[in-house]
Amino acid sequence: MSALLDLDFYSAGDVRSVPIVVEIVDESLEPAIRPAVVTPETGLTTVLPLGRYLITARLPSGKVLQTSLVLTDSQRTRVTLNIHDLAGEETTERPTMLSRDIESNLSARPVDESVDGSAWVRLWEAGPGGWYVEDFNGMEEVHSSRLVLYKLNPHNERAMLQFGGHSHPWTFSAIPSGYQTDAAFGFDGEGNLIVSLITPVDTAEALLSYMTTNAVTSGQALLDQTLKTIYHLDPLVSIIAGLYLLRLNRLDDFRDLVIPRGFEGSLSVDASILRAWQNIHAGRTMGRAGNDFFRLAADELLRAVGNGLPVYTESLVILTDGLALFSGERDDNVYPREVLRTSQRVYENYLASADRHSAILTFRAASPTSPTQSAKYGFPYGRQKQNPWFPEFSALGIPPIGLESTADSTRRRRGSRQGPGKGQDIASPFDFVRQSPINPERAYEVYEEALSLRSRDPEKAEHLLREAVHQGSLPSLLELASLIKDRNPPEAENLLRSGVEAGSAEAMSDLGMLVVDQDPLEAEWLFRRAARAGDLIGMNNLAVLIIRKDATEALRLLEIAAAGGLAKALENLEKVTRLGLQRGHHENH
Amino acid sequence: MTLSTYSGGPGPRVHALIIGIGGYDHLIGGNSKTLPNVIDYGYLTQLSSPPRSAIAIADTLRDLSDDFRVPLGTVDLLISVSPQDPDPSGKGEKYDAATSSVIRKAFDAWWARCDSDPDNVAILYIGGHGVEGRRHVVLASDFGSSESQPWLDAFDIETTCKAFASNRAETQVLLIDTCREITPAMAESPDAVPLPLRNVGLHQTNHCRYSLRVFSTQRSSQAYGPRFAPSHFAAALIIGLRGGAASKNDGKWWITTGKMAERMSLLMEVAGADRVRQQPDTAASESCRLLEMRGIPKAKLKLSCEPEEAALEALLEYHKHGLPSLRRPEPSVEPWTIEVEPGHCITSAIFTGSRFQSMHRELWVEPPLTRERISVI
């Protein structure tokens with residue numbers, strides 16, 4: 001005896017074509033059907049023997065919806081799974097279904113309470129000679145209690161989003177070209193910024209999520225289903241399917257996949273990388289006759305390099321792997337090995353600073369051309385360090401993925417002068433950033449002069465420092481706070497708080513010292529943030545504060561600070577070692 | 001090398017290379033002269049956990065030797081013991097130290113064994129010190145024997161894993177249990193990447209079809225383990241192999257690479273890892289069956305009440321059709337953890353007073369752990 005089961009979904013938002021993988025098991029967990037790909041629009045209708053079943057719907061974001069039922073007669077049984085309750089709001093259903101970050105980390109706390117002007121975002125676009133900060137022209141589509149969602153609309157096919165804040169490192173995220181992408185912003189339970197970029201192509205986003213969350217069964221079910229419509233694939237789906245097939249080592253399917261040539265901008269890089277790998281695998285199956293394919297592969301890799309950064313992290317990984325294959329030390333004329341070697345180094349730097357768990361390429365940097373493994377916090381403020389672009393890259397005449405030009409920096413400073421109120425430089429999804437009028441060159445001169453006068457004429461030095469602070473000089477602010485802290489502690493504290501707000505790790509450490517007696521908890525928080533930003537004094541001070549409750553962490557901090565050359569940390573390390581303080585019962589490898 | 005052969009002869013086999021590096025001669029607490037600038041390499045000390053992890057994993061493979069999809073062929077065990085834990089097996093066994101040259105030789109031999117048949121299953125486990133720069137690097141036990149070129153006695157495991165795809169064994173399980181922190185020395189000379197155990201070649205053919213590659217922790221993070229016991233990652237692998245990664249199909253229970261990948265985080269949690277500090281980094285391709293379980297695996301069920309304090313008055317019960325019911329002996333605010341058979345069951349929270357409402361909940365328990373909070377308001 002069997003019965004008909006109708007499974008449908010309840011949702012209030014526009015998620016009708018988002019793929020979902022459904023599994024049905026019996027009482028003993030034996031699968032009753034093969035994993036099925038459905039959408040909220042289609043639902044699922046199937047015939048099952050009478051009995052008790054568990055129905056599991058695995059959303060691409062990793063969230064699982066389950067319900068059980070008993071089929072007791074041969075009537076038709078209808079079961080509804082509620083997607084709406086999962087998201088809580090109609091407008092957030094799609095990101096909740098598709099984005100792992102949004103689904104698993106987003107705080108239930110109202111976003112406006114979490115924000116308090118503590119994060120910013122801006123748009124960069126590639127132009128002649130370099131990257132430029134552009135007007136943030138994203139349209140606010142949703143401002144729900146838990147997240148803010150913008151529709152990005154860059155003018156250029158090569159654009160990136162940059163975001164950061166007091167407790168979020170400055171980070172870049174690639175934007176897929178040719179698709180109106182949603183950028184969702186929210187905060188996790190600890191107040192950290194969460195950013196998720198989602199294109200309108202449901203199948204591509206679902207495949208990407210299953211791939212990055214290692215949902216092996218669901219991912220393969222959707223991939224198999226997708227490949228059945230191989231000739232009708234959206235170009236973006238073909239890119240994601242290509243990346244997934246390569247990850248799964250399904251090389252025959254990968255070779256048969258058509259990667260369209262019509263991409264412009266950032267996605268053209270991903271497409272070139274995939275075509276390069278199709279040629280590499282074709283070459284590998286041909287033995288010695290494969291050299292023509294290898295040459296085509298090298299050409300595609302060079303084309304990718306010429307167009308800059310890919311959109312997807314997986315693409316960057318296979319790009320560096322591909323470059324490594326062709327950039328051996330041999331000097332022959334078969335491939336331009338020097339160019340390939342240099343490119344490999346450049347892209348490895350991006351890879352080293354990238355968040356490998358983000359599907360879209362996301363890396364830490366102050367500008368698109370300067371990926372870094374260290375974290376920078378705070379707000380864009382005053383004299384941003386001009387990071388030299390890899391000189392060998394420009395010397396080789398490779399087209400720009402962002403040679404940072406003087407025009408670039410001038411323009412950025414000019415944008416800053418106009419201030420955020422005019423919407424030129426920085427837009428935050430939550431709050432416009434405060435920017436003071438600034439003259440960095442003047443501020444620096446005044447600061448230097450003040451330092452030279454500090455011991456001889458402290459009054460004049462103080463006057464000059466105040467002027468430099470007014471010009472936006474952060475070092476002067478720290479110096480001034482140090483000069484007046486005994487005479488005027490409240491003003492020193494205010495100054496340091498401004499420094500903290502601007503993201504200065506030194507200000508965090510200094511303010512921590514100032515408040516440690518009255519408020520050790522705030523001091524610990526400040527030292528922790530300073531330590532996270534790589535400040536050695538912050539690490540030492542945090543270690544001293546926490547040594548009784550977490551000796552392992554304290555020792556680790558002292559070791560890093562001592563290794564970094566902080567004498568006080570070395571002294572402290574020797575002291576605790578003499579005292580015989582041991583790490584906790586855990587050891588790390 | 002300590003190579004044990006279990007099932008010789010023709011046909012596909014499981015071939016395992018298990019390496020546990022706990023003793024480091026030239027790191028702090030080692031038997032020889034300490035590397036002078038050891039602080040630049042992360043102030044690394046001796047480790048008691050990796051040898052015990054390696055031994056526990058080798059023992060588990062031996063225990064399960066009859067259950068593998070193909071018979072267990074060989075287990076090659078390399079161990080460098082920590083001076084603080086000279087007898088990690090407790091049986092006075094002696095091992096060859098996992099120095100750079102011994103590891104390279106053992107790797108080549110293991111490669112050849114795995115390469116002999118496409119249906120072979122290749123298993124690699126490495127536990128020890130690791131650091132990360134451009135690539136993930138594992139330190140051999142003689143790391144630092146050359147003061148000027150310490151990286152000679154380390155190897156690039158990331159490239160090694162990629163190169164292994166060209167081995168003819170279609171099923172490849174690569175498990176790397178080391179820290180991945182970026183140390184000053186790696187930042188100082190990022191190009192000083194040690195050699196891999198095998199290079200990736202342009203002409204290499206990719207034979208790997210079913211791959212499971214797990215690093216025990218994320219990039220730039222640490223991996224942890226209790227002293228004088230297997231690491232959390234090793235414990236998680238063992239729990240997984242013994243049923244925690246089991247799923248039912250065709251009336252039998254199988255351990256598959258896919259379920260290992262999907263449940264790795266949960267397995268680590270069951271093994272005692274702190275999910276905030278240590279999250280595995282997993283990559284899996286198509287799933288395949290590794291082991292067939294002899295019986296029904298056990299799953300942990302953690303029952304509690306919502307609100308928590310209700311558990312102080314609740315009589316918690318577990319009922320499964322055809323089996324005797326279980327009842328919690330004493331109420332407690334802590335969750336009630338029991339080992340049960342996977343599948344459908346009924347859980348109950350029964351109250352004698354009127355403050356909370358007695359509830360019965362239908363539940364499907366899955367290995368390795370299922371949590372259930374019974375709402376009683």
Side-chain angles (χ1 to χ4, degrees), chain A residues 25-31 52-54 56 66 68 70 213-220 247-251 280-281 283-285 287-288 290 294 297 320-321 324-326 328 345 348-349 351-352 354-357 373-374 555-556 559-560 562-564 570 573 583-589, chain B residues 39-40 42-43 45 47-50 127-130 133-134 162 165 177-179 182 184 187 190-191 200-206 208-209 211 216 218-220 222-227 231 247-249 251 257-259 261-262 264 281-287 321 342-344 362 364 366:
Chain A
V25 295
D26 68 12
E27 270 188 280
S28 70
L29 298 179
E30 176 83 36
R52 188 189 301 273
Y53 295 97
L54 173 70
T56 303
Q66 287 188 319
S68 61
V70 181
T213 53
N214 274 309
V216 178
T217 317
S218 306
Q220 289 188 32
R247 161 85 76 95
L248 295 176
N249 284 319
R250 285 171 58 175
L251 300 181
I280 290 169
H281 285 300
R284 284 175 168 176
T285 56
R288 291 292 150 202
F294 292 139
T320 54
D321 288 347
L325 287 177
F326 290 99
R345 275 208 298 277
E348 279 183 342
N349 282 333
L351 200 53
D355 172 2
R356 298 278 190 104
H357 292 269
Q373 290 185 42
S374 56
L555 276 172
R556 194 179 74 86
E559 284 161 11
I560 296 168
L570 192 60
L573 195 59
R583 285 174 193 275
H585 71 287
H586 278 66
E587 64 188 11
N588 53 319
H589 305 176
Chain B
I39 204 154
D40 285 349
Y43 207 72
T45 57
L47 299 170
S48 60
S49 182
H129 276 306
R134 283 181 195 272
K162 285 175 181 166
D177 189 7
T178 71
C179 280
I182 299 158
D191 286 328
V200 179
L202 180 58
H203 287 85
Q204 86 168 32
T205 309
N206 205 339
C208 177
R209 190 163 169 205
S211 87
S216 63
Q218 303 279 338
R219 212 185 125 69
S220 78
Q222 294 182 328
Y224 297 89
R227 286 190 168 177
S231 67
S247 57
K248 200 174 179 192
N249 227 318
T257 52
K259 284 293 169 209
E262 288 179 353
M264 208 57 225
D281 173 357
T282 310
S285 68
E286 211 172 325
S287 182
H321 182 69
H344 178 263
E362 207 180 1
W364 264 259
E366 246 198 324

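Residue numbers begin at 1 in each chain, while the letters A, B, ... track the order of the sequences. Because the structure is predicted, anything quoted here is derived from the model rather than measured.
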>> Do Tyr53(A) and His344(B) have side chains that approach each other closer than 4.5 Å (heavy atoms only, starting at C-beta)?
In response: no
>> Taking side chain as everything from C-beta outward and backbone as N, CA, C, O, which of these in Asp26(A) sits under 4.5 Å from a heavy atom of chain B? Side chain, backbone, both or neither.
In response: backbone
> Is it the side chain or the backbone of Gln204(B) that comes within 4.5 Å of chain A heavy atoms, both, or neither?
Replying inline: both
> Quick one: side-chain contact (heavy atoms from CB on, under 4.5 Å) partners of Asn249(B), sequence neighbours excluded?
Replying inline: Glu30(A), Pro31(A), Trp254(B), Arg289(B)
>> Is any side-chain heavy atom of Gln222(B) closer than 4.5 Å to one of Arg556(A)?
In response: yes
> If every non-hydrogen atom of Glu262(B) is compared with every non-hydrogen atom of Thr217(A), which pair is closest and at what distance?
Replying inline: OE2-N, 3.1 Å
> Rounded to the nearest 0.5 Å, how far does CD of Glu366(B) lie from OG1 of Thr56(A)?
Replying inline: 7.5 Å
> Measuring from Arg247(A):CZ to Glu286(B):CD, what's the distance to the nearest 0.5 Å?
Replying inline: 14.0 Å
> Got a second to check how far Ser285(B)'s OG is from Arg250(A)'s CZ, nearest 0.5 Å?
Replying inline: 10.0 Å
>> Strictly distance-based, threshold 3.5 Å: is any side-chain N or O of Asn249(A) a donor or acceptor partner for the main-chain N or O of Arg209(B)?
In response: no
>> With a 4.5 angstrom heavy-atom cut-off, is it the side chain or the backbone of Leu251(A) that approaches chain B, or both, or neither?
In response: side chain
>> Salt bridge or not between Asp281(B) and Arg356(A)? Use side-chain N to carboxylate O under 4.0 Å.
In response: no
> Between Glu27(A) and chain B, which part of the residue has a heavy atom less than 4.5 Å away: side chain, backbone, both or neither?
Replying inline: both
> Is Arg284(A) reaching over with its side chain to a backbone N or O of Thr205(B), donor-acceptor style, under 3.5 angstrom?
Replying inline: no
